[in-house]
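Throughout, a chain's letter reflects where its sequence line sits, starting with A, and its residues are numbered from 1.
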Amino acid sequence: MGIIGVPADWPADEEAARDVQRRLRGRLVLDEEGPAPGEGHVTGLDVAYDDERDLVAAAAVVLDARTLEPVGSATAVGRVSFPYVPGLLAFREIPTVLAALDALTVDPGLLVCDGYGLAHPRRFGLAAHLGVLTGRAAIGVAKNPFTFSYEQPGPDRGDFAPLLADGEEVGRALRTRGGVKPVFVSVGHRISLDNACAHALALSPRFRVPETTRHADALCRRALAEARAAE
DNA sequence: GCGACAG
DNA sequence: ATCTTGTCGC
């Protein structure tokens, strides 16, 4: 498989990208409960970069939601399609992530993204964007609070505190391990916030970061290293 | 106006 | 994200 290119109609600048977000946001579905935790498949998505060589590698790893064992995976390597701009992260990752998703031979089930969904300046982060483009249920689990502030959740696993924006709960700081910094969960598409948090917790029985993200992270790094070696 | 800011 | 070894601890 070769290196995928940047779509011809890709936004040329930040203003065009923000317009795309505002337009796609109208297709978000936010009144569904979403898939039940522990059933079917969950797919972790992540990317690794080599800005020097203008490469981005994406991985999609499908887990059995009950056992958390991998049942399928795929990778794709592409050209970097956008600079990193806070609030426009999706444009950097999406073409290559979609290529990896397309290469899967099993049903992805719920998409678990490394970043935010509705917790975003225009309520349209990576997980929401990917959800709309694929039509699938999607959540975002981020390791950093982005621009949002939050009250410290309680100390135990499962404790959480809201991420607020304009008095609205756009996500949650969720403790997946007792006494360890929380992760930041938000809805992407076709799922409720309660259910998104239930999934995040079910996917993190042992470590702070969900198993989906850990698998995808390891795989995209491997794919990037191979792409480098291939020149 | 300036800095901060998911990955 | 990325530059990066060993090391402390469960």
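- Residue A/Gly87 is in base contact, counting any heavy-atom pair closer than 4.0 Å across all strands shown.
- A side-chain contact (heavy atoms from CB on, under 4.5 Å) with A/Ile139 holds for exactly one of A/Val112, A/Val187, A/Asn195, A/Leu118; it is A/Val112.
- Taken together, the pairs of DNA chain C form no segment extending over three or more consecutive Watson-Crick or G-U pairs closer than 3.5 Å at both contacts.
- Between A/Arg172 atom CZ and B/dA6 atom P the separation is 22 Å, expressed in whole Å.
- Here the side chain of A/Asp13 pairs a donor or acceptor atom with the backbone of A/Glu15 at under 3.5 angstrom.
- Taking side-chain N and O atoms only, A/Lys143 has a distance below 4.0 Å to OP1 or OP2 of B/dG7.
- Side chain of A/Ala48, nearest nucleotide from C/dT2, B/dG7, B/dA6: C/dT2.
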Let me check I have this right: for DNA chain B, each base becomes ., (, ), [, ] or |, based on Watson-Crick or G-U pairs with both distances under 3.5 Å. What is the full string? .......
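- Note on A/Arg221: only backbone sugar-phosphate atoms sit closer than 4.0 angstrom, heavy atoms only; bases stay farther off.
- Nearest to the side chain of A/Leu224, among C/dT2, B/dA6, C/dA1, sits C/dT2.
- Using a 4.0 Å heavy-atom cutoff across all strands shown, A/Asp46 reaches sugar-phosphate atoms only and no base atom.
- The closest side-chain heavy-atom distance from A/Lys143 to A/Val209 is below 4.5 Å.
- In this structure, A/Leu163 reaches neither bases nor backbone, as no heavy-atom distance under 4.0 Å exists between it and the strands shown.
- With rounding to whole Å, A/Phe82 atom CZ is found 16 Å from B/dA6 atom P.
- Of the candidate nucleotides B/dG7, C/dT2, B/dC5, B/dG7 has the atom nearest to the side chain of A/Leu89.
- Closest approach of A/Pro153 to A/Ala161, counting heavy atoms only: CB-N, 3.8 Å.
- A/Arg221 places no side-chain N or O within 3.5 Å of a backbone atom of A/Ala218 that could act as its donor or acceptor partner.
- With hydrogens and angles left out, the side-chain atoms of A/Glu93 and A/Tyr49 include a donor and acceptor closer than 3.5 Å.
- Closest approach to the A/Phe146 side chain among B/dG7, C/dA1, B/dC5 is made by B/dC5 (side chain taken as heavy atoms from C-beta onward).
- Between the P atom of B/dA6 and the CZ atom of A/Phe184 lies a distance of 11 Å, rounded to the nearest Å.
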Base-contact (B) and sugar-phosphate-only (S) positions in nucleotides 4-10 of chain C, heavy-atom cut-off under 4.0 Å, - elsewhere: -------
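- The side chain of A/Asn144 places no N or O atom within less than 4.0 Å of a non-bridging phosphate oxygen (OP1 or OP2) of B/dC5.
- Residue A/Tyr84 places at least one side-chain N or O under 4.0 Å from the OP1 or OP2 atom of B/dA6.
- When every heavy atom of A/Glu32 is checked against every heavy atom of A/Val29, the shortest pair comes out as OE2-CG1, 3.6 Å.
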